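Positions are given from 1 along the sequence. Remember, predicted model here, so these are calculated numbers, not experimental data.
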Amino acid sequence: MEEQRAAIEAQKQQHLTALQELKKESDQEHQRLEQEKAKVEVVRQEMMMAQREMLREKRDYEAAKAKAALEKRGWEDARRSVTAEREQYERDRLKADKERRYWE
């Protein structure tokens with residue numbers, strides 16, 4: 001009977017030791033997973049920042065493109081205006097020459 005009790009106690013100790021080992025392994029795995037989760041979060045944050053930066057650069061590019069288009073249109077309008085003035089001046093000069101020749 002005493003031997004049986006000692007055997008049960010020894011088996012109980014083995015089970016407790018095995019449970020403690022499992023708990024230790026579980027805690028280590030949990031810690032490893034938490035570290036991995038933290039690394040994934042860092043990468044996710046970096047990706048979000050990179051995406052924001054890309055959007056900012058795209059917005060700046062589009063704004064610069066729109067500004068250049070406005071400037072180009074302004075220069076084209078100015079060129080057309082100068083050309084129209086030059087053409088009007090030429091027409092007025094030809095008309096004045098024609099009138100002067102008529103009166104001469």
Side-chain angles (χ1 to χ4, degrees):
M1 186 82 169
E2 192 63 37
E3 289 175 10
Q4 207 176 22
R5 193 173 289 158
I8 290 173
E9 188 61 35
Q11 192 176 20
K12 182 178 165 185
Q13 282 300 328
Q14 286 176 341
H15 287 164
L16 282 174
T17 303
L19 282 173
Q20 288 172 344
E21 280 295 315
L22 285 174
K23 172 88 168 93
K24 182 179 173 184
E25 289 174 12
S26 174
D27 288 346
Q28 288 173 345
E29 182 66 13
H30 180 73
Q31 186 177 16
R32 186 187 69 75
L33 289 174
E34 286 296 322
Q35 290 172 347
E36 197 66 31
K37 183 178 171 184
K39 288 178 187 176
V40 167
E41 181 62 22
V42 167
V43 170
R44 188 181 73 77
Q45 290 291 332
E46 288 172 350
M47 287 177 62
M48 285 177 56
M49 287 190 299
Q51 185 178 23
R52 275 190 230 117
E53 182 64 25
M54 285 174 47
L55 289 173
R56 189 176 308 115
E57 288 174 359
K58 182 180 179 184
R59 185 187 65 229
D60 292 348
Y61 168 76
E62 292 295 331
K65 192 166 86 171
K67 182 179 177 186
L70 285 173
E71 288 175 355
K72 180 180 178 186
R73 187 170 46 197
W75 282 108
E76 289 173 350
D77 288 348
R79 183 181 51 78
R80 278 193 294 270
S81 175
V82 167
T83 302
E85 287 176 15
R86 190 179 308 130
E87 289 171 352
Q88 184 63 43
Y89 171 78
E90 191 62 30
R91 282 192 299 271
D92 290 347
R93 189 182 62 78
L94 289 173
K95 186 177 178 182
D97 284 349
K98 187 176 178 183
E99 285 181 17
R100 191 173 13 94
R101 274 187 261 126
Y102 176 79
W103 291 108
E104 287 178 348

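- Enclosure of atom CZ in Arg91 by more than 12 non-hydrogen atoms of other residues, nucleotides or ligands within 6.0 angstrom is indicated.
- A 6.0 Å sphere centred on CD of Glu29 holds more than 12 heavy atoms belonging to other residues, nucleotides or ligands.
- At a threshold of 4.5 Å between non-hydrogen side-chain atoms, the residues Glu41 and Lys37 do not count as touching.
- Between Glu53 and Met49, every side-chain heavy-atom pair lies at or beyond the 4.5 Å cut-off.
- The hydrophobic cluster around Trp103 extends to Tyr102, counting ILVMFWY residues whose side-chain heavy atoms fall within less than 4.5 Å of a member.
- A 4.5 Å side-chain heavy-atom check between Asp77 and Arg80 finds at least one atom pair inside the cut-off.
- Here the CE-CZ distance, from Met47 to Arg44, works out to 10.0 Å after rounding to the nearest 0.5 Å.
- Among residues at least two apart or in separate chains, side-chain hydrogen bond (donor to acceptor under 3.5 Å, both in side chains) pairs with a member in residues 10-23 are Lys23-Asp27.
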Practice problem: May I have the step-by-step check of salt bridge (charged side-chain N to carboxylate O under 4.0 Å, His left out) for Lys95 and Asp92, ending in yes or no? | Solution: CA-CA 5 Å; Lys95 186 177 178 182; Asp92 290 347; over 6 Å; no

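- In the displayed structure, Gln51 atom CD is contacted under 6.0 Å by at most 12 heavy atoms of other residues, nucleotides or ligands.
- Atom CD in Glu57 sits 14.0 Å away from atom CZ in Arg52 (nearest 0.5 Å).
- Between Glu62 and Lys65 there is a salt bridge, since at least one side-chain N of the basic residue sits less than 4.0 Å from a carboxylate O of the acidic one.
- Here CZ of Arg101 is found 11.0 Å from CD of Glu99. Values are rounded to the nearest 0.5 Å.
- Note that the CD atom of Glu9 and the CG atom of Leu16 stand 8.5 Å from one another [nearest 0.5 Å].
- The environment of Gln4 atom CD is sparse: at most 12 non-hydrogen atoms of other residues, nucleotides or ligands sit within 6.0 angstrom.
- Residues meeting the salt bridge (charged side-chain N to carboxylate O under 4.0 Å, His left out) test with Asp60, sequence neighbours left out: none.
- Taking 4.0 Å as the cut-off between side-chain N and carboxylate O, Arg93 and Asp97 count as a salt-bridged pair.
- Rounding to the nearest 0.5 angstrom, the gap separating the CD atom in Gln31 from the OG atom in Ser26 is 11.5 Å.
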